[in-house]
Amino acid sequence: MLTLTLLVLLGSMALALLRAVKGPTVYDRILAANAFSTKTVLLITALGFLVGEAEYYVDIALMYTLVGFIATVAVLKVSEFGNLGQSGAVRSTPAERPNK
Amino acid sequence: MTPSNTRSVLLGTLLSALWLMLSGHWDVRLLLLGLLSVAVTVWMARRMGIDDAEGLPVQQLPRLIAYLPWLARAVVASNIDVARRIVTPSLPIEPVTVRVHADQKTAVGRVVYANSITLTPGTITLEVEENSIEVHALTGEGARDLCTNEMGRRVTACEAH
Amino acid sequence: MIDIMSIASGMFLLVGSVFTLIGSIGIVRMPDVFTRLHAAGITDTLGAAGVLLGLALKAGFSLLLVKLLLMLVFLLLLNPTACHALARAALHGLRRPWMD
């Protein structure tokens, strides 16, 4: 069952890659990259159980979950604003905010 | 203790529990490193001003957990529906956008509602506004289900004190 | 007892694999980025939950189980957020969604 899951995950990743190649818009490609990273997380975890060292693999997968999310949001931010927030819209610091 | 300090202590406790769960080591030097990282995180959260009722919704937490089983059932049901539509060769979809009323008073409530909508396949939150949410639905049926506002009422019930 | 656990774990893995695959097929088949997001949602919810819960049943009571469940919680919290960010960016960057 575990082997079948791994094969299905690999097939699904191939389908996500197909969408990333075909596009047509940049958002389709970001969507494909996000779906790909979710499947990578599942693949790493399942692979850990297959080789019998799940304790180590699950840590890597946990990190990949968080990094994948941040990468998606960062790429979206760049595609929408053209930067990561360095110039222009500066957010208010706590000192400037009204006290609650 | 002021409410702000209580919240910081709670945040520190939660972070320490998380650190212990993720590390699984009980070596004194490593525990000290963990304590240091928890302290730095709490300090940064206070400096950024994000350790408020929005960042740590303590009061609503028990009710939100009670809401999860209903949400899980809704997610599974819509998953099966959307999956059936995808494998049908004629691809029976009719995408619509609708604006649903969101009567949650707190920002936490609105975020929970918007996230629940997105988590359910077949409906995606496009825009969150002051008292309404714009939703993209895969089918008119999904949009109608959302307009009955059952999910909205359940989320609103979570934030009541 | 052991048998029941491994059968249940296999069932969860099978359900997770099937929904992951269907979600990926949806990403390729759907006509525009918004409808593709619905398909990606299947992989992110029932697909990920099935695979991770199936693996959690294999893990037994240990730190590994806690990490697997934590990973599932992260995925279920972060993926809708990324999905909404993507939908919003696409709405601002593209023309209106595809209608039948």
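Scope of the values below: all heavy atoms of this structure, side chains included, with no hydrogens, waters or symmetry mates. By convention in this document, chain letters (A, B, ...) are assigned in the order of the sequence lines, proteins followed by strands, and residues within each chain are numbered from 1. These numbers were taken from a predicted model, which means no experiment stands behind them.
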Original post:
Just checking, is any N or O donor in the side chain of S8(B) or R46(B) under 3.5 Å from an acceptor N or O on the other one?
Top reply: yes

Subject >> Heavy-atom proximity to chain C below 4.5 Å, by part of T123(B) >> reply: backbone

**OP:** Return the option, out of A137(B), G122(B), S116(B), with the maximum number of heavy-atom pairs under 4.5 Å with chain C.
**Re:** G122(B)

**OP:** Could you look at L46(C) and say if it's the side chain, the backbone, both or neither that has a heavy atom under 4.5 Å from chain B?
**Re:** both

Original post:
Are the charged groups of E127(B) and R99(B) less than 4.0 angstrom apart, N to O?
Top reply: no

**OP:** Sort L70(C) into side chain, backbone, both or neither according to what part of it lies under 4.5 angstrom from a heavy atom of chain B.
**Re:** side chain

Original post:
Between the side chains of T118(B) and N115(B), does any donor sit under 3.5 Å from an acceptor?
Top reply: no

Original post:
Nearest heavy-atom pair of L76(C) and D44(C): which atoms, and what distance?
Top reply: CD2-O, 3.8 Å

**OP:** Sort V82(B) into side chain, backbone, both or neither according to what part of it lies under 4.5 angstrom from a heavy atom of chain C.
**Re:** both

Subject >> Residues, nucleotides or ligands: over 12 heavy atoms within 6.0 Å of E150(B) CD >> reply: yes

Subject >> Segment of L18(B) engaging chain C (4.5 angstrom heavy-atom cut-off) >> reply: side chain

Original post:
Which of the residues L22(B), V87(B), I80(B) is involved in the greatest number of heavy-atom pairs with chain C at under 4.5 angstrom?
Top reply: L22(B)

**OP:** Determine the sole option in I93(B), V96(B), D81(B), I86(B) for which the side-chain contact (heavy atoms from CB on, under 4.5 Å) test with L138(B) is passed.
**Re:** I93(B)

Subject >> A114(B), part contacting chain C, at a heavy-atom distance under 4.5 Å >> reply: neither

